[in-house]
**Q** 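Dumping the structure here so I can ask a few things about it.
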Amino acid sequence: MTAPALVAGSANLPLAERIAAELRAAPVARRIERFPDGELHVELLESVRGRDVYVVQPTPAPPEANFMEALQLVDAARRDGAARVTSVFPYLAYARQDRRAKGRECVAAKLGADLVQASGANRALVLDPHSQALEGFFQIPYDSITAAPLLADAVKALVPRDAVVVAPDLGAVRLAARMAALLRLPAAHVHKTREGPQSVSVQQIAGDVKGRTPILVDDMISTGSTLAAAARALAEAGAAPGAIALATHGIFADPAESNLRAAAFRHVFVTDSIPPVPTGLPVRIAGAAKLLAEAILRLHEERPLGDMALHT
Ligand code: R5P
């Protein structure tokens, strides 16, 4: 069997190169440039005809440009005659817009799935997508995998015995339950309501948190308001100080630094699904290359992803 061909987008080149190194294959040579008017132009510089191609491109800021680049690279591989093209998103933006929350809105997650399919991808692979609804938006085979075991390994030496794993909102309950099982800890969750892009309020806490150190788990840290509000509510409910935050995607959009600092997290762990964002926070990075390479290899060899997927 020939090796998988990895095409690296430019959004997180170091990660793509580490995945390629894990696969013991050099990334496919390609050129990504902009025309003078700002239009993106991509070109594969070697043939992928008949190959099983994996286009690796997360979509951090600027999400539109990174997403378009992913689509163009898939299109270029398909037009060159690749046998199969898989769009690999270590982080997939727009997944939070998976329904019309207020009405008269675009369901951007569905539109994004449609565009991935229109680009000619035969399959999609996403690391800790925000929404499980994505699965239903794709007509092509779609797989998601989780970084929970990776984050659990990274944090386990720092977890006090009295800790409790907490989902800071209902969307994170499955991820937190998986983390609690991995760390052999009890789980709790916070019921949050989002009042705006940067403001959330906590309605109630379910589970025993009194005197316990909270390990907060979420798919992403954007402005940090979700984690900060949860940490505040947990402190008010009598949780022990020195909470730890675990999230797959460290977006750290403004004002994440001040939100997280005010919440006095002892440690913050994220993966390198997107390029590390400099903050003055005690952020530790767990590398996701091995995990993504293993998923690519299993898809390439038509093996099940098994417990790489998020099951609880
Ligand atoms: C929302 O439901 C997500 O799972 C995250 O909790 C949220 O997007 C994080 O955003 P922020 O850090 O801005 O609160």
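Basis for what follows: all heavy atoms, side chains included, without hydrogens, waters or symmetry-related copies. Each ligand, and each atom within it, is numbered from 1 in the order the structure gives. This one's a predicted model, so the numbers in the text were calculated from it and none came from an experiment.
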**Q** Would you sort out whether Glu294 and Arg298 count as a salt bridge (charged side-chain N to carboxylate O under 4.0 Å, His left out), showing the intermediate values?
**A** CA-CA 6 Å; Glu294 174 64 20; Arg298 289 194 196 186; 2.7 Å; yes

**Q** Flag yes if Leu297 and Val53 sit in one hydrophobic cluster, no otherwise; membership is Ile, Leu, Val, Met, Phe, Trp, Tyr, and two members link when side-chain heavy atoms are under 4.5 Å apart.
**A** no

**Q** Check this for me, if you would: do Arg261 and Glu257 make a salt bridge, where the nitrogen-to-carboxylate-oxygen distance has to be below 4.0 angstrom?
**A**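 So Arg261 pairs with Glu257 through a salt bridge.
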
**Q** Answer with side chain, backbone, both or neither: which part of His249 has a heavy atom less than 4.0 angstrom from an atom of ligand 1?
**A** neither

**Q** Looking at atom 14 (O) of ligand 1, what's its closest protein heavy atom, distance included?
**A**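 It is Thr226 OG1, 2.5 Å.
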
**Q** To the nearest 0.1 Å, how far is atom 1 (C) of ligand 1 from its closest protein heavy atom, and which atom is that?
**A** His130 CE1, 3.4 Å

**Q** Have a look at ligand 1 and work out which part of Ile251, if any, has a heavy atom under 4.0 Å from it: side chain, backbone, both or neither.
**A**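 Neither; no heavy atom under 4.0 Å.
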
**Q** For Met220 and ligand 1, does the shortest N/O to N/O distance drop below 3.5 Å?
**A**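 No; every N/O pair is 3.5 Å or more apart.
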
**Q** Identify which one of Leu183, Val173, Asp307 satisfies the side chain to side chain contact (heavy atoms under 4.5 Å, CB included) criterion when paired with Arg178.
**A** Asp307

**Q** Check Asp218 against ligand 1 and report side chain, backbone, both or neither, counting heavy atoms closer than 4.0 Å.
**A** side chain

**Q** Tell me, please: is Gly224 in heavy-atom contact with ligand 1, that is, under 4.0 Å?
**A** yes

**Q** Which residue, Ile285, Leu227, Ile221, Thr279, forms the side chain to side chain contact (heavy atoms under 4.5 Å, CB included) with Val268?
**A** Ile221

**Q** Would Arg100 and Glu105 count as a salt bridge (charged side-chain N to carboxylate O under 4.0 Å, His left out) if you check the C-alpha gap in whole Å, the side-chain angles of each, and the deciding distance to 0.1 Å?
**A** CA-CA 6 Å; Arg100 296 200 304 166; Glu105 296 166 282; over 6 Å; no

